[in-house]
**Q** 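Dumping the structure here so I can ask a few things about it.
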Amino acid sequence: MRGMFDTARPEPDAVARLKALIVERFALPETTMVSVAELRCHEPGCPPVETVVTARGDDGTVEDWRIAKPLSDIAADDVDGLSRV
C-alpha cells in the first residue's frame, strides 16, 4: 500500500516542465524558488493524487497552487486555469 508521501521520485523532466509552466504563467522572477510535490490522500473528500506547487519569493511571499492530478498528467491548460489568490 502506498502512503501519503510516496518514496518514488517523479520524472525530472515532468518536474522541470511544470516549474517552467508556473514561472511563465505567473511571470515569476528568477529569484523565486519553485517546488513541486505529488501527494497521495486516502481521506474522504480529497483527490487520490494531488500535485502541489509552491513558489517562495526572496521577499518572503509564499504562493501555493493545487492540481488534482498526478504530475505526469498535468498539461499546460491545467496551469493556464490557475489563478493567484
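Given the structure is predicted, the values throughout are model-derived calculations rather than measurements.
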**Q** Calculate, to the nearest 0.5 Å, the distance between atoms CE and OG1 belonging to M33 and T54 respectively.
**A** 8.0 Å
**Q** So which atom in A55 and which in W65 form the shortest heavy-atom distance, rounded to 0.1 Å?
**A** CB-CZ3, 3.7 Å
**Q** Just wondering, do V23 and T32 contact through their side chains at under 4.5 Å, heavy atoms?
**A**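 No - every pair of side-chain heavy atoms lies 4.5 Å or more apart.
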**Q** Which residue in the set L82, D73, V52 passes side-chain contact (heavy atoms from CB on, under 4.5 Å) when paired with I67?
**A** L82
**Q** Considering all heavy atoms of both residues, which atom of R17 and which atom of I74 are nearest to each other, and what is their separation?
**A** NH2-O, 2.9 Å
**Q** More than 12 non-hydrogen atoms from neighbouring residues, nucleotides or ligands closer than 6.0 Å to CZ on R25, yes or no?
**A**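 Atom CZ in R25 is packed in, count exceeds 12.
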**Q** Between H42 and C46, which heavy-atom pair has the shortest distance, and what is it?
**A**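 In this case the closest contact between H42 and C46 is N-SG, 4.5 Å.
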**Q** Is there a side chain to side chain contact (heavy atoms under 4.5 Å, CB included) between L18 and V53? Walk through the geometry before answering.
**A** CA-CA 9 Å; L18 179 56; V53 182; 3.7 Å; yes
**Q** For D59 and T61, work out which heavy atoms get closest and say how close.
**A** OD1-OG1, 2.8 Å
**Q** Do K19 side-chain atoms and V34 backbone N/O form a donor-acceptor pair below 3.5 Å?
**A** yes
**Q** Same cluster for L39 and I22 if Ile/Leu/Val/Met/Phe/Trp/Tyr side chains link at under 4.5 Å?
**A** no
**Q** Side-chain contact test, heavy atoms from C-beta onward, threshold under 4.5 Å: evaluate it for T51 versus R66 and give yes or no.
**A** no
**Q** What's the shortest heavy-atom distance between V49 and R40, and which atoms?
**A** CG2-NH1, 3.1 Å
**Q** What are the two closest heavy atoms between E38 and L71, and how far apart are they?
**A** OE1-N, 2.7 Å
